[in-house]
Amino acid sequence: MRFKKVLTWTLSVCVLMGLAYLLGYSKLLVVKAINIQGLSQTSEISSVLSKGELHLKVGGQLARVDVKGSERELKNLNWIKSAKVGRNWINGEVLISLTPRTPIAQLIGPDFSTNSYIDKSGKIFNPPINPGQLPGISLADKSQAENAALFVSQFPAELLAKMKNLEINSKGGANMETSDGNGSLQIIWGESKEIALKVAIYNRLLALPENSKISGMDLENPANPVVTK
């Protein structure tokens, strides 16, 4: 009986040692491919993944890949919204699924670099490539980024197309300058509440013949809008 117990224990240890070798050292379970999905620019991603402590490289041991650590490092890139890393034990592929942030406006001013943008949640980030022409926003301070995103997300596309600049003051109020080829227009929007109503009033006022050459519009109080000739 004792011999059987010793034999069973020995076999168990051998199996565990064999599995440990297979997972950690054997050439059978290695990373054969790294597949990055979700974006075309992968140079910065590859730089992050090349960190030795992550053990994520073609030819490396599949069992040693730090999945959670890789996800954490990728999410540290401020332009990455979400990251998921998985490994396929059958074909040896490591699949990396990324969701980059989508910019809705560019931040301008001395507090921001030339490639600072915000997404619809108000997150400030620096994408690896220029996203193209977007509305510019000036902030009284970085704490107003979320409020700025709230404004931009509620403005219709035709208004954003005419927007030259949007300033968010320290109280969260917005002042906009637009231009459509017929001159510029200064618009005081006030706070971000009732933006849909304010936009509707803006359109109605702008459609009036007598307002064809106005220079300003104050919509802070939508019940009492004011135009400036």
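Counting begins at 1 with the first residue of the sequence.
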Enclosure of [X] [atom1] (heavy-atom neighbours >12, cutoff 6.0 Å):
X: Glu44; atom1: CD; result: yes
X: Ile90; atom1: CD1; result: no
X: Glu177; atom1: CD; result: yes
X: Gln133; atom1: CD; result: no

#### Entry: side chain to side chain contact (heavy atoms under 4.5 Å, CB included) evaluation trace for Ser138 with Ile168
CA-CA 6 Å; Ser138 301; Ile168 309 297; over 6 Å; no

Of all heavy-atom pairs between [X] and [Y], which one has the smallest distance, and what is that distance?
X: Pro103; Y: Pro131; answer: CG-CB, 3.7 Å
X: Ala63; Y: Trp89; answer: CA-CH2, 3.7 Å
X: Ala148; Y: Leu139; answer: CB-CD2, 3.7 Å
X: Val58; Y: Ala33; answer: CG2-CA, 4.4 Å

If we only count heavy atoms from C-beta on, is the [X] to [Y] side-chain gap below 4.5 Å?
X: Asn130; Y: Asn115; result: no
X: Ile129; Y: Trp79; result: no
X: Asn165; Y: Ile137; result: no
X: Val65; Y: Leu54; result: no
X: Pro135; Y: Leu166; result: no
X: Phe112; Y: Ile124; result: yes
X: Ile104; Y: Ile118; result: yes

Atom pair [atom1]/[atom2] of [X] and [Y] - distance to nearest 0.5 Å:
X: Ser50; Y: Ile34; atom1: OG; atom2: CD1; result: 10.0 Å
X: Glu191; Y: Lys198; atom1: CD; atom2: NZ; result: 7.0 Å
X: His55; Y: Leu49; atom1: NE2; atom2: CG; result: 13.5 Å
X: Gln186; Y: Met176; atom1: CD; atom2: CE; result: 10.5 Å
X: Glu146; Y: Ser192; atom1: CD; atom2: OG; result: 10.0 Å

Listing, residues 219-229 side-chain donor-acceptor contacts under 3.5 Å, not counting sequence neighbours, or none:
residue : atom : partner : partner atom : Å
Asn221  : OD1  : Ala223  : N            : 3.2
Lys229  : NZ   : Glu210  : O            : 2.6

#### Entry: Hydrophobic cluster identity match, Phe125 and Leu39, side-chain contacts under 4.5 Å
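Hydrophobic grouping puts Phe125 with Leu39.
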
### Query
Can you get from Val199 to Met217 by hopping between Ile, Leu, Val, Met, Phe, Trp and Tyr side chains that sit under 4.5 Å apart?
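In one cluster with Val199: Met217, yes.
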
### Message
My understanding is that only residues two or more places apart in sequence, or in another chain, count here; which of them pass side-chain contact (heavy atoms from CB on, under 4.5 Å) with Asn175?
### Response
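Asn175: side-chain contact (heavy atoms from CB on, under 4.5 Å) contacts with Ile188.
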
### Query
With sequence neighbours excluded, what pairs up with Lys123 under the salt bridge (Lys or Arg N to Asp or Glu O under 4.0 Å) test?
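Partners of Lys123 by the salt bridge (Lys or Arg N to Asp or Glu O under 4.0 Å) criterion come out as none, since no residue qualifies.
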
Considering only distance and modelled atom types, tabulate donor-acceptor pairs under 3.5 Å from the side chains of residues 149-162, sequence neighbours left out.
residue : atom : partner : partner atom : Å
Ser153  : OG   : Ala149  : O            : 3.0
Ser153  : OG   : Leu150  : O            : 3.0
Gln154  : NE2  : Leu150  : O            : 3.1
Lys162  : NZ   : Tyr202  : OH           : 3.2

### Query
Gln106 side chain to Ser116 main-chain N or O, any donor-acceptor pair under 3.5 Å?
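Flag not set: sc Gln106 to bb Ser116 has no pair under 3.5 Å.
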
### Query
Quick check: does any side chain N or O of Asn169 sit under 3.5 Å from a backbone N or O of Gly173, one acting as donor and the other as acceptor?
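A pair under 3.5 Å: yes.
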
### Task
For side chain to side chain contact (heavy atoms under 4.5 Å, CB included), just list the numbers for Asn211 and Leu206, CA-CA rounded to whole Å, side-chain angles, deciding distance to a tenth of an Å, and then say yes or no.
CA-CA 6 Å; Asn211 291 333; Leu206 206 60; 5.7 Å; no

### Query
In terms of side-chain heavy atoms, does Ser170 have a donor or acceptor partner in Asp141 at a distance below 3.5 Å?
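Result is no, nothing qualifies.
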
### Task
Go through the steps to decide whether Leu62 and Val30 satisfy the test side chain to side chain contact (heavy atoms under 4.5 Å, CB included), and finish with yes or no.
CA-CA 5 Å; Leu62 193 59; Val30 298; 5.9 Å; no

Can you list, pair by pair, the side-chain donor-acceptor contacts under 3.5 Å of residues 68-75, counting residues two or more places apart and other chains?
residue : atom : partner : partner atom : Å
Ser70   : OG   : Asp66   : O            : 2.7
Glu71   : OE2  : Val85   : N            : 2.9
Glu73   : OE1  : Lys51   : NZ           : 2.8

Identify each donor-acceptor pair in which a side-chain atom of residues 94-102 lies under 3.5 Å from a protein atom, sequence neighbours left out, and give them as a table.
residue : atom : partner : partner atom : Å
Thr99   : OG1  : Ser82   : OG           : 3.1
Arg101  : NE   : Asn78   : O            : 3.1
Arg101  : NH1  : Asp119  : OD2          : 2.8

